[in-house]
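Predicted model, so just to flag it, every value in this text is computed and none were measured.
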Amino acid sequence: MKVSIIAIIFLSLYVGLGQLDALSLKTGLYSPVFGGAVTGLVLGDLKTGLIVGATLQLATLGVATYGGATVPDFLSGSVMGTAYAIISGRGAAYGIGLAIPIGLLLTQMDILARLANTYFQNHATKEAEKVNYKAVERDNLYGIISWVLSRAIPVFIGLTFGATVVTAINKWIPSWLMNGLKTAGIILPAMGIAILMRYLPLKRYYPYFILGFALMAYFAKQFSLLGLALVGFSLAAIYVIQKQKSTTSTPSENVAKTPSNSNKEIKGITNPNESIEASRIDAEEVEFDD
């Protein structure tokens, strides 16, 4: 199967826009599951795209880039992995096995994009010192170029020579290595979930976690992921409603719950009348100098 030039250009532009989305709006275009789904839809095999993209999405759970940190580019990996899986006709497992090393390799392109962007930012700093705010705006927009090209060029080249690349991979990569990559594709989602669990408040909400695990472990044939998600959403909604009820009470309840000031001790005096009388006596004993 050959990929049309229109599809190649579209997918190349998509990964570029996806990278910009990851840096700004975060609408979801940057996520691997979207990349796999869009690629599968364009190439006529949505199911394979969803499997490849969703697997890589699980691998990214709990992983984020902060400051200058760089993470694997699983968006581009999901696009090319899905395309190679469809081109070769060998299924989603094959695409996942290729998407992982592709995502790791394109980490270097992320570093190159950051390095190229420093040129525009340094120039913007100089223009800011000259109070040339128009030039600063232009330099910040020029920074888009390096980010888009760092993703679009590798995907364009990879899809243009897709059939040749797949043939070379099948010819030169031994079966044991490909099996190892497929195994890594199975393990990585579990690692992503484990990393995410590290930051979830499981000690507080462990009953919900156990319930979800039990439903999928013992009733997998009756429950789909969508059904489990709906159950989780319902439990979350019930928890929020109960939390709001417990924190919101009527004024009469507040009065009933608030201890009366008459029962409080003021400087060892339990009776408020005694407190007022003591204050009056203290005021009479104060002497003022003429």
Side-chain angles (χ1 to χ4, degrees), residues 1-61 63 65 70-113 144 146-169 178 181-182 184-185 188-189 192:
M1 175 183 175
K2 276 192 174 184
V3 182
S4 67
I5 187 64
I6 296 177
I8 293 173
I9 294 174
F10 176 81
L11 292 174
S12 300
L13 292 176
Y14 170 78
V15 293
L17 292 175
Q19 177 58 30
L20 294 182
D21 183 55
L23 296 172
S24 55
L25 298 178
K26 296 186 181 297
T27 60
L29 294 176
Y30 65 95
S31 60
V33 67
F34 268 81
V38 170
T39 305
L41 192 62
V42 171
L43 300 183
D45 192 348
L46 179 60
K47 180 180 178 180
T48 298
L50 286 172
I51 294 173
V52 174
T55 303
L56 294 177
Q57 184 71 47
L58 291 174
T60 62
L61 293 177
V63 179
T65 173
T70 299
V71 297
D73 183 13
F74 282 140
L75 170 61
S76 300
S78 67
V79 171
M80 286 196 277
T82 301
Y84 290 163
I86 297 173
I87 292 171
S88 65
R90 296 182 62 176
Y94 180 83
I96 295 169
L98 295 179
I100 293 170
I102 290 172
L104 294 172
L105 180 62
L106 291 182
T107 301
Q108 308 306 318
M109 296 302 296
D110 185 80
I111 297 173
L112 184 61
I144 294 175
S146 61
W147 287 112
V148 171
L149 293 181
S150 66
R151 269 63 177 184
I153 291 177
V155 171
F156 182 85
I157 295 174
L159 296 181
T160 301
F161 301 99
T164 305
V165 171
V166 169
T167 302
I169 290 172
M178 183 54 65
L181 293 175
K182 291 179 181 179
L188 278 177

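Here the side chains of F74 and I102 are not in contact, with every heavy-atom distance at 4.5 Å or above. Looking only at side-chain heavy atoms (C-beta outward), D110 and L106 stay at 4.5 Å or farther from each other. Contact of the V15 side chain with the L11 side chain is not registered, since no non-hydrogen atoms from C-beta on lie closer than 4.5 Å. Counting heavy atoms from C-beta outward, L17 and D21 have side chains that stay 4.5 Å or more apart. Using a 4.5 Å heavy-atom cutoff, the side chains of V155 and S76 are in contact.
Heavy-atom neighbours of K26 NZ from other residues, nucleotides or ligands within 6.0 Å: above the threshold of 12.
Of the inter-residue distances, the one linking T82 atom OG1 with L56 atom CG reads 7.5 Å to the nearest 0.5 angstrom. Interatomic distance, CZ of F156 versus CG of L13, reported as 10.0 Å (0.5 Å rounding). A distance of 9.5 Å separates CG of L50 from CG of D45, quoted to the nearest 0.5 Å. Put simply, OG1 on T107 and CG on L105 are 8.0 Å apart, with the number rounded to the nearest 0.5 Å. Between the OG1 atom in T39 and the CG atom in L43 there is a gap of 6.5 Å [rounded to 0.5 Å]. Rounding to the nearest 0.5 Å gives a distance of 9.5 Å between CD1 of I157 and CE of M80.
Nearest heavy atoms, I51 versus T55: O-OG1, 2.7 Å. Residue A85 comes nearest to G91 through the heavy atom pair CB-O, 3.3 Å, listed as atom of the first residue, atom of the second, then distance. Here the closest heavy-atom approach between residue Q57 and residue S31 is recorded as OE1-CB, 3.1 Å. In terms of heavy-atom proximity, A92 sits nearest to V52 at O-CG2, 3.7 Å.
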Between L29 and Y14, does the side chain to side chain contact (heavy atoms under 4.5 Å, CB included) criterion hold? Intermediate values first, please. CA-CA 8 Å; L29 294 176; Y14 170 78; 4.1 Å; yes
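Distance alone, capped at 3.5 Å, places no donor-acceptor pair between the Y84 side chain and the A99 backbone. Between the side chain of S78 and the backbone N or O of L75, at least one donor-acceptor pair lies under 3.5 Å.
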